[in-house]
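Just below is one structure, and these are the notes that go with it.
Residue numbering restarts at 1 for every chain, and letters A, B, ... go by the order of the sequence lines. The structure presented is a predicted model; accordingly, all values stated were derived computationally and were not measured. Computed over heavy atoms, backbone and side chain alike; hydrogens, waters and symmetry mates excluded.
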There are 2 protein chains.
Amino acid sequence: MNFQRVKNVRLYETIIQQVMGMIDKGELKPGDKFPSERQLIEQLGVSRSILREAFRVLESRGIVESRPGGGRYLRKISGSSFMNFTSMDLERDALLDVIEAREIIETRVVRLAARRATEEDIEKLVDLDREFHGTGTSLQEYREKDRDMAFHLALAEASHNFVLKEVVAYLLTISKDLREKTILDFDDWLELCRQHSDIVKAISDRKEDEAAEKMKVHLMELRRYILKGKKDNLEKRGENVCESKNTLF
Amino acid sequence: MNFQRVKNVRLYETIIQQVMGMIDKGELKPGDKFPSERQLIEQLGVSRSILREAFRVLESRGIVESRPGGGRYLRKISGSSFMNFTSMDLERDALLDVIEAREIIETRVVRLAARRATEEDIEKLVDLDREFHGTGTSLQEYREKDRDMAFHLALAEASHNFVLKEVVAYLLTISKDLREKTILDFDDWLELCRQHSDIVKAISDRKEDEAAEKMKVHLMELRRYILKGKKDNLEKRGENVCESKNTLF
DNA sequence: TTTAGCTTACTTGGTCATCCAGTTATACTT
DNA sequence: AAGTATAACTGGATGACCAAGTAAGCTAAA
């Protein structure tokens, strides 16, 4: 006799779902302006607080931008605007912002690490890297245990700058949140993990240019895989159903 | 002459940072129960709506579980976001870490801004800069209203990367916290503000190399002044209880 | 002793009215 | 026709309010 806990649905969650659904149906296009709060609470039949809770979440995911006094806007998708986009594409696009930030910061972090890493730092990096190559650890396990995150965090630690460490930690949590929705291919993931060794080696050799270069290709690959997922998604989706009528809510 | 406040940073974000910081510091362990809303709004000094917005985001990220009538609980140790240093007594050396991070990040932010800034972005930057040169605005006023912070935040905004914007906001709040411990000379500070114009000009001319260079010297100067102030401060200490109101980065 | 039912205090969920500050568009002045 | 007040927006934030769920403690009946 296995009873399940009754799911308690919050109003703000249903609003998020509704917005996402509208994006998928093409009723909302990138760059579009949302109706004002006062209009929306009327159309959705919720209070202003609840509406704002929903938009806070959307905002923290980079899907919506709030301009005080100026309204709320759906994320403008970068590059060529696709006729065909889903809420997933939007999240992926937001993920590219994170990758861009990581390219900027982590390439420099790794330079600092090459200069400042202590023997213990390097030892830890080697250990973390070995955990991947090691016999006992399955990829599944590696992935579940956030080994990738631990590795990049250890790099940041080796930079011996507490601010950078905090920033990297933030970027990692964000990219983890978003990455869970963008499933990477098995082989891609394998390749990415392999590149960690190059970075560790460059750092232990104190070659900062090389370390920066390796980190750069590492993150460029990550970006490439993410974009590939986007393309796959487009191909999979048969005929386009994009007759985006502008019926906002 | 209408003044604009620096309010670009949202209250709910700072709460998230603070909670994440507590997780990092081990003050909150998985399974722990949070204080009730009414207690927290008192401790944090915010309204209930803001608190709930923060927890909604935490909830949507799977970090916190809200049980109606039963309280809020920490779910997993995903942790590692920005720490909150407001009440922390940081060594002055920590300030150099902040500057180092800003050099790394803001020089690149400014490059992106030079590439991506819209006409409105540039207009806003020009306005913010003009407020310093303008006749009507006294230096005192400029200081009190955190114009410097607003300027750097506007730069981050012009990079059109929402992650970088948040990172810069974080760096600026740390700088703000720390600046109370550092006395900047009047002329030094004047010079720093003047350099803002160079940055704006480079961006509006779309010369990203120049923009990066100007930002670099800007932050190098800041570091130099801080080190000087450190020496001054060390000499002065003992009688003076730091009338450090007149400091601004 | 056990157990069902009730009370009570405390929790989160949700609404509302109100104010603030910044944006935008209108209309009036020069 | 350009410039400038002004009025009507926008989101940001607050505090009071009610509803509903939870949990603990008490009581009374089995």
Check the distance between [N]'s [atom2] and [X]'s [atom1] and give it to me in whole angstrom.
| X | N | atom1 | atom2 | value |
| --- | --- | --- | --- | --- |
| B/Arg52 | D/dA13 | CZ | P | 16 Å |
| A/Arg67 | D/dC9 | CZ | C1' | 15 Å |
| B/Arg72 | C/dT11 | CZ | P | 12 Å |
| A/Arg10 | C/dT15 | CZ | P | 14 Å |
| B/Lys33 | C/dC10 | NZ | C1' | 9 Å |
| B/Leu11 | D/dG12 | CG | P | 11 Å |
| B/Asp127 | C/dG22 | CG | P | 14 Å |
| B/Tyr12 | D/dG12 | OH | C1' | 12 Å |

Check your understanding: Mapping A/Arg56 and A/Gly69 to their closest nucleotides on DNA chain D, which lands nearer the 5' end?
Key -> A/Gly69
Check your understanding: Which sits closer to the 5' end of DNA chain D, B/Arg38 or A/Arg48, going by the nucleotide each is nearest to?
Key -> A/Arg48
Check your understanding: With no angle test and no hydrogens, is the base of D/dC9 tied to the side chain of A/Ser36 by a donor-acceptor pair under 3.5 Å?
Key -> no
Exercise for review: Indicate whether any N or O donor in one side chain lies under 3.5 Å from an N or O acceptor in the other, for B/His218 and B/Asp198.
Suggested key: no
Among the nucleotides [options], which one has an atom lying closest to any side-chain atom of [X]?
| X | options | value |
| --- | --- | --- |
| B/Glu37 | C/dT12, D/dT10, D/dA13 | C/dT12 |
| A/Val46 | D/dG15, D/dG12, C/dT15 | C/dT15 |
| B/Ser49 | D/dG15, D/dG11, C/dG13 | D/dG15 |
| A/Ser66 | D/dA13, C/dG13, D/dG12 | D/dG12 |

Check your understanding: Within the structure, does a side-chain N or O atom of B/Ser47 lie under 4.0 Å from either OP1 or OP2 of D/dA13?
Key ->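 No, outside the criterion.
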Check your understanding: Which sits closer to the 5' end of DNA chain C, A/Glu53 or B/Gly70, going by the nucleotide each is nearest to?
Key -> B/Gly70
Exercise for review: Select from B/Pro35 and A/Tyr73 the residue whose nearest nucleotide in DNA chain C is closer to the 5' end of that strand.
Suggested key: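 Its nearest nucleotide being more 5', the pick is B/Pro35.
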Practice item. Answer yes or no: is there an ion pair linking A/Glu65 with A/Arg72, defined by an N-O contact shorter than 4.0 Å? Key: no
Exercise for review: Answer yes when A/Glu59 and A/Arg56 have at least one side-chain N-carboxylate O distance shorter than 4.0 Å, and no when they do not.
Suggested key: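 So A/Glu59 pairs with A/Arg56 through a salt bridge.
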Review point. What do the steps show when you test A/Glu53 against B/Arg52 for salt bridge (Lys or Arg N to Asp or Glu O under 4.0 Å), and what is the final call?
Key: CA-CA 7 Å; A/Glu53 286 173 13; B/Arg52 303 185 84 228; 3.0 Å; yes
Check your understanding: Do any N or O atoms from the side chain of A/Asn161 and from the backbone of B/Asp97 form a donor-acceptor pair under 3.5 angstrom?
Key ->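 Checked: pair present.
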